[in-house]
There are 2 protein chains.
Amino acid sequence: MDGIGQVRSFNRIVTQQVGALAEGFLGRTRSLGACRLLFEIGADGIEIRQLRARLALDSGYTSRLLRQLEAEGLIRTTPSPRDTRVRFVALTSAGRKELAVLNRLSDKAAASLLDPLPETQRAALLSAMGTIERLLRSSAVRLSVVNPDSPAARYCLERYFEELAARFESGFDPALSRPAPPAELTPPQGYFVLATLYDEPVGCGALKCHAAYGEIRRMWVATSARGLGLGTRILLRLEDFARERRLPLLRLETNKTLTEAQSLYRRHGFREVPAFNDEPYAHHWFEKALSSVKRPLRS
Amino acid sequence: MDGIGQVRSFNRIVTQQVGALAEGFLGRTRSLGACRLLFEIGADGIEIRQLRARLALDSGYTSRLLRQLEAEGLIRTTPSPRDTRVRFVALTSAGRKELAVLNRLSDKAAASLLDPLPETQRAALLSAMGTIERLLRSSAVRLSVVNPDSPAARYCLERYFEELAARFESGFDPALSRPAPPAELTPPQGYFVLATLYDEPVGCGALKCHAAYGEIRRMWVATSARGLGLGTRILLRLEDFARERRLPLLRLETNKTLTEAQSLYRRHGFREVPAFNDEPYAHHWFEKALSSVKRPLRS
DNA sequence: CCATATGTCTGACGCTAGTCAGAGATATGG
DNA sequence: CCATATCTCTGACTAGCGTCAGACATATGG
């Protein structure tokens, strides 16, 4: 079976089994929609506008579901203190109890999937589930070229600098490091690639085009998104841009504490070379010759 | 995170992503229910009663959906030749065209999951999907003790004998082999364990209780259900019964051509011993001493 | 203070999915 | 041939999910 056929077959069986799982909620008077609301409100409560955004619900529909839960005495809504247009919804103690029941049902449904299996198969299932989860998250990550001055890009760069400051033995002061002003990372001078997961920035990387080579800079992946192979995807994308621009060589420098980054570069054909600039925070300099063969495009 | 939490987290992300996948159908005028019908009718057509059974639909509802598809000119229904009460439904050429379109959309949706990933991750995702599919099928298999005279049990035994006849170099004639009359495999003389997947028999195995030992017999797994670890589950279940009955020893014999069975037995602590009976079709005799420690119960 | 935007709510409406009862046609065993 | 069962279909009904327009209250920038 080819990959596509396998994905479809996987979908069939998973929706069937997992669909059966969701029926754990059923049998109770409450509708699935109302249950989702209870889950999302959670122990801490939430603003209604956030609730709507997270579950992607219509405002009228949300309102109606909330009235229903309110009538059952499971939730309480109050105006938000900082803006009385928005309302804040929280569980009452009855609501918390109900949520606990739902959680127990949900746990039981999940357990019923594991229970029939002997120990070794159970372990194999869980490990495969972990892999799928990781890779599905990864495939939901979108890469796009953005203006390095945009809020999302600035957000990434701030997190990046914070992390450097925390990890470098000497701390990190951007002012002492080689600069990379936004203009230099904007086409056609360069490319700033932003990675987003469900519209949240989770990584970045930039290519600066010099006359004779491309320079990789600002490679960063949020801790929450590590292990998804995101560094690879960003790097490959930047390489694509370099090839498009017919740059024969890629260069970059990095700090000795950034070991994942170093192994990422080595894995992708970068070789360590003598220092080719005076970046004070760098301990290792890498180069990679680019053939002009283009690799197949992936989003 | 514990196993249950991991299953729930897996469910969340999969329903989210796979749900998004199913929207591939949407945007077209047809409802999801009608699409499922088209898929299930398929190129060869099908009897309506089978269609209902497979999709677990109400007869009234099915009828209405079919009328709708008929009005669109996608299907044609005719009385079944062998019983004019039942009707047979087949796709018209327009219907086949529509099904092809749906398949293309579905393929595209599946591909959109794979496309973003670099090659190595894509392979990892597909392999994990295969694992999950196999193990979910496995966890959907139910074991139960049934009367060895019941239709499902007889069905399994027939398939079992057929397979022995096909695989043994000498063929197989049950009359020449040591008998195992139903009464001897019925509690308390013995136990006949039947494995079913979605109500279809896919395997069996029996324990016959002698005074000083238990005898494993009739171990069989349908070809369609191999690789799911089903043999292990049946064997473990039979061992449980033997322990319950405080039998200190398990015995069995097998033919040299049944190599998977032999490795199953060896994997589970059976050791080859000299022939302890005169079964004409056996080449190998196995024993396993049972400790009375009970393993945790699994369905 | 005014114009405009934002957030919430209500009422009216529509579609999908599904259930239930019963009618009518056809098989099947005795 | 008759009683009974099986299969399909229609009509009547319900619940859940969701959309849309507009009302109302409250913020916000000028």
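A note on names: the letters A, B, ... follow the listed sequences, proteins ahead of strands, and every chain is numbered from 1.
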query: Can a side chain N or O of Ser31(B) be found less than 4.0 Å away from OP1 or OP2 on dA17(C)?
result: yes
For this session: Return the set of residues passing side chain to side chain donor-acceptor pair (under 3.5 Å) with Asp83(B) (not counting sequence neighbours), or none when no residue passes.
Result: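 Asp83(B) satisfies side chain to side chain donor-acceptor pair (under 3.5 Å) with Arg85(B) once adjacent residues are dropped.
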Sequence neighbours excluded, the answer for side chain to side chain donor-acceptor pair (under 3.5 Å) partners of Asn147(B) is none
For the pair made of [atom1] in [X] and [atom2] in [N], what is the distance, rounded to whole Å?
X: Leu65(A); N: dG16(D); atom1: CG; atom2: P; result: 10 Å
X: Leu69(A); N: dG16(D); atom1: CG; atom2: C1'; result: 14 Å
X: Gln68(B); N: dC15(C); atom1: CD; atom2: P; result: 12 Å
X: Leu32(A); N: dG18(D); atom1: CG; atom2: C1'; result: 14 Å
X: Arg36(A); N: dC17(D); atom1: CZ; atom2: P; result: 8 Å
X: Leu55(A); N: dG18(D); atom1: CG; atom2: C1'; result: 14 Å

Hits for side-chain contact (heavy atoms from CB on, under 4.5 Å) against Thr78(B), two or more places apart or cross-chain, chain-then-number order -> Phe88(B)
Under the side-chain contact (heavy atoms from CB on, under 4.5 Å) test, residues paired with Glu200(B) that sit two or more places apart =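 For Glu200(B), no residue satisfies side-chain contact (heavy atoms from CB on, under 4.5 Å) once neighbours in sequence are set aside.
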Hey, which of these two, Leu57(A) or Arg82(A), hits DNA chain D nearer its 5' end, going by closest nucleotide?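 The residue mapped nearer the 5' terminus is Leu57(A).
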For nucleotides 3-10 of chain D, 5' to 3', base contacts (B), sugar-phosphate-only contacts (S) and non-contacts (-) with protein non-hydrogen atoms under 4.0 Å give --BBSBBB
CG of Leu102(A) to CZ of Arg104(A), rounded to nearest 0.5 Å, is 9.5 Å
Residue pairs passing the side chain to side chain donor-acceptor pair (under 3.5 Å) test with at least one member in residues 57-68 of chain B, sequence neighbours excluded, are Arg67(B)-Glu70(B)
